[in-house]
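See below for the structure under consideration.
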2 protein chains.
Amino acid sequence: MQTIDAFSASTAEEEAYRHVLKGIRTGRFRPGTRLIPEDIANEIGMSRMPVREAFRRLSTEGLVLIRPNRGCVVAGLTTDEIYEVFEIRSVLEGLAVRLATPRFDADAFSELDRLLARMQTNGEGGDDWVTRHRQFHEYLCSYSQRPKLIRQIARLHVTIEPYLRIWLHHAEKPLSADEEHRVIIRTLEAGDPIAAEATIEKHILETAPALAAFVAQTGR
Amino acid sequence: MQTIDAFSASTAEEEAYRHVLKGIRTGRFRPGTRLIPEDIANEIGMSRMPVREAFRRLSTEGLVLIRPNRGCVVAGLTTDEIYEVFEIRSVLEGLAVRLATPRFDADAFSELDRLLARMQTNGEGGDDWVTRHRQFHEYLCSYSQRPKLIRQIARLHVTIEPYLRIWLHHAEKPLSADEEHRVIIRTLEAGDPIAAEATIEKHILETAPALAAFVAQTGR
DNA sequence: GTTTGGATTTGTGTATCCACTTATCCAGTC
DNA sequence: GACTGGATAAGTGGATACACAAATCCAAAC
């Protein structure tokens with residue numbers, strides 16, 4: 001479980017941040033759940049202060065919502081907002097892949113193959129499909145060599161991960177998108193940045209409607 | 001001076017946040033400046049706690065850098081990072097304008113004309129060129145009706161604004177880009193979302209090298 | 001003149017405390 | 001039985017206190 005922020009200091013605030021982030025990612029803290037500073041502070045053995053500071057950071061990332069005197073709740077996304085996140089992801093990851101394309105080498109492609117194979121195995125190593133899927137996308141983006149871009153993309157992934165997880169848990173088939181990822185790799189191998197960008201944009205935008213529909217139906 | 005975050009609560013933390021944000025935007029707190037919680041707390045008549053929480057939010061937005069036990073400094077951008085911000089802006093604002101294009105109506109265009117005219121006047125109403133320029137871009141994006149997208153774009157503007165301001169202060173001419181903005185409006189009037197997106201992307205990317213070169217020369 | 005080590009100062013990180021706001025519950029009323 | 005209002009509980013926001021870390025300064029040694 002990696003963090004979003006660059007450096008990993010050993011402060012209590014950092015620990016609280018990770019703790020809550022992990023809870024949101026894994027689905028322990030579902031959207032709408034109220035987060036009570038004192039409870040979380042007790043869980044990890046500290047006072048409320050660092051926890052509150054962690055909340056502030058999380059609120060900026062859009063992961064929780066803080067209303068004055070009303071406490072902190074895990075942010076939920078409306079159907080529209082899920083669409084929006086996918087739209088933003090499509091252009092940001094499109095940019096990242098466009099910049100990354102000229103940089104891919106043989107090592108990159110063999111690693112991508114490995115990640116793809118790992119994605120198809122069922123839940124070994126503790127990571128579930130959603131996590132492995134994210135790792136695939138993040139590996140693609142990492143070759144862009146754009147730290148800020150990569151971080152922004154990572155944040156968007158965290159936002160939608162809980163929904164993806166619920167969706168896949170309810171869906172009959174574990175998503176047949178693996179073939180699609182193979183196609184992406186082939187496009188990248190061709191080495192055309194613009195084509196690669198278009199492929200990624202399309203790939204991301206195509207996932208959105210199904211997830212949004214599921215969330216709309218489940219009743220946010 | 002508008003805030004980035006959506007709702008404006010009357011908490012001390014919010015006040016501290018705005019105070020520091022304003023300081024960074026206006027150039028009072030230059031990149032590299034150390035921000036001492038106690039000093040800022042005294043300035044606005046509160047204790048250090050809310051100020052610290054404001055710092056946490058600002059750090060997530062990339063506006064300040066917090067190192068454990070080393071305090072908080074205003075974030076500075078390297079030449080590469082300035083490029084990166086412009087790259088990200090180009091695709092995000094491109095997306096926003098693409099989505100906005102079908103929504104523009106007569107009112108929108110007359111407001112855009114007004115903003116453009118205001119941009120050409122020299123510093124009336126307290127706002128400088130950089131602020132008015134941002135307002136023009138933000139108005140364009142606002143018609144996309146995508147709150148998260150709009151907020152992300154606003155954050156990027158805050159990041160580079162101080163540099164733009166220093167740059168324009170040193171440059172001989174106040175930037176001849178006004179004509180370019182007129183061209184943008186004409187493109188939007190044609191009503192082709194893809195063309196509009198491409199125009200904005202190009203416009204934004206073209207500004208980057210000059211600013212980056214200036215910052216590199218000035219010696220960050 | 002430069003370097004080293006230690007006192008001093010400054011500032012940070014967290015816990016605790018208190019005031020105040022909001023939520024909950026319950027009894028009384030219609 | 002549903003509604004109202006007030007007591008009570010729960011929780012939040014902010015201030016203060018204190019322990020600790022880092023930076024600074026200065027003097028002694030080389």
Side-chain angles (χ1 to χ4, degrees), chain A residues 3 5-21 23-24 28-76, chain B residues 3-24 28-76:
Chain A
T3 47
D5 269 338
F7 56 96
S8 49
S10 59
T11 62
E13 190 272 342
E14 183 68 21
E15 194 186 341
Y17 173 81
R18 291 185 193 204
H19 181 81
V20 177
L21 181 62
I24 293 174
R28 188 182 153 219
F29 301 138
R30 295 284 180 89
T33 306
R34 184 160 175 196
L35 298 176
I36 292 159
E38 186 148 355
D39 294 350
I40 291 170
N42 288 337
E43 279 181 21
I44 47 184
M46 65 180 64
S47 80
R48 289 163 23 200
M49 284 320 304
V51 177
R52 285 184 39 168
E53 290 176 23
F55 285 175
R56 294 292 182 195
R57 277 211 279 165
L58 292 162
S59 81
T60 309
E61 292 176 350
L63 296 176
V64 303
L65 204 73
I66 301 177
R67 286 151 65 210
N69 287 314
R70 300 268 177 102
C72 176
V73 297
V74 179
Chain B
T3 48
I4 290 175
D5 267 339
F7 56 96
S8 49
S10 59
T11 61
E13 189 272 342
E14 183 69 21
E15 194 187 341
Y17 174 82
R18 291 185 192 204
H19 182 81
V20 178
L21 181 62
K22 183 175 178 178
I24 293 175
R28 187 181 153 220
F29 300 138
R30 295 284 180 88
T33 307
R34 184 160 175 195
L35 298 176
I36 292 159
E38 188 149 354
D39 294 350
I40 291 169
N42 288 338
E43 279 182 19
I44 48 184
M46 64 180 64
S47 79
R48 289 163 25 201
M49 286 316 307
V51 178
R52 280 181 52 111
E53 290 175 24
F55 285 175
R56 296 291 182 195
R57 278 211 278 165
L58 292 163
S59 82
T60 309
E61 291 176 351
L63 297 175
V64 303
L65 205 72
I66 302 176
R67 285 151 67 209
N69 286 315
R70 301 264 177 105
C72 177
V73 296
V74 179

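Every chain is numbered from 1, with letters handed out A, B, ... down the list of sequences.
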Report task. If a protein heavy atom is under 4.0 Å from the base, mark B; if only from the sugar-phosphate, S; if neither, -; do that for nucleotides 9-14 of chain C going 5' to 3'. Result -> --SBBB

Query raised in the report: Do A/E61 and B/R57 sit within salt-bridge range, that is, some charged N less than 4.0 Å from a carboxylate O?
Result: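 Looking at B/R57 together with A/E61, the answer is no, because their closest N to O distance does not fall below 4.0 Å.
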
Query - Distance (rounded to the nearest 0.5 Å) between B/E14 CD and B/L21 CG - result: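 The CG atom of B/L21 is 9.5 Å from CD of B/E14, to the nearest 0.5 Å.
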
Query - Residues which pass side-chain contact (heavy atoms from CB on, under 4.5 Å) with B/R70, listed by chain and number, not counting sequence neighbours - result: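 If we apply the side-chain contact (heavy atoms from CB on, under 4.5 Å) test to B/R70, skipping adjacent residues, the hits are B/R67.
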
Query raised in the report: Is there a side-chain contact between B/T33 and B/R30, using heavy atoms and a 4.5 Å cut-off?
Result: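 Yes. Closest side-chain heavy atoms under 4.5 Å.
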
Query raised in the report: What is the 5' to 3' range of DNA chain D, first to last nucleotide, that sits under 4.0 Å from any heavy atom of chain A?
Result: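 Endpoints of the contacted stretch of DNA chain D: D/dG11 to D/dA15.
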
Per-pair distances, 0.1 Å, donor-acceptor, side chain in residues 38-47 of chain A, under 3.5 Å, sequence neighbours excluded:
from	atom 1	to	atom 2	distance (Å)
A/N42	ND2	A/E38	O	3.3
A/E43	OE1	A/H19	NE2	2.7
A/E43	OE1	A/R28	NH1	3.4
A/E43	OE1	A/R28	NH2	3.3
A/E43	OE2	A/R28	NH2	2.8
A/S47	OG	A/M49	N	3.4

Query raised in the report: With respect to B/V74, which candidate in B/V20, B/L58, B/L63, B/L35 satisfies the side chain to side chain contact (heavy atoms under 4.5 Å, CB included) definition?
Result: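 The residue from B/V20, B/L58, B/L63, B/L35 that satisfies side chain to side chain contact (heavy atoms under 4.5 Å, CB included) with B/V74 turns out to be B/L35.
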
Report task. State which residues pass salt bridge (charged side-chain N to carboxylate O under 4.0 Å, His left out) with B/R56; sequence neighbours excluded, sorted by chain then number. Result ->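 Checked B/R56 against salt bridge (charged side-chain N to carboxylate O under 4.0 Å, His left out); matches are A/E13, A/E53.
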
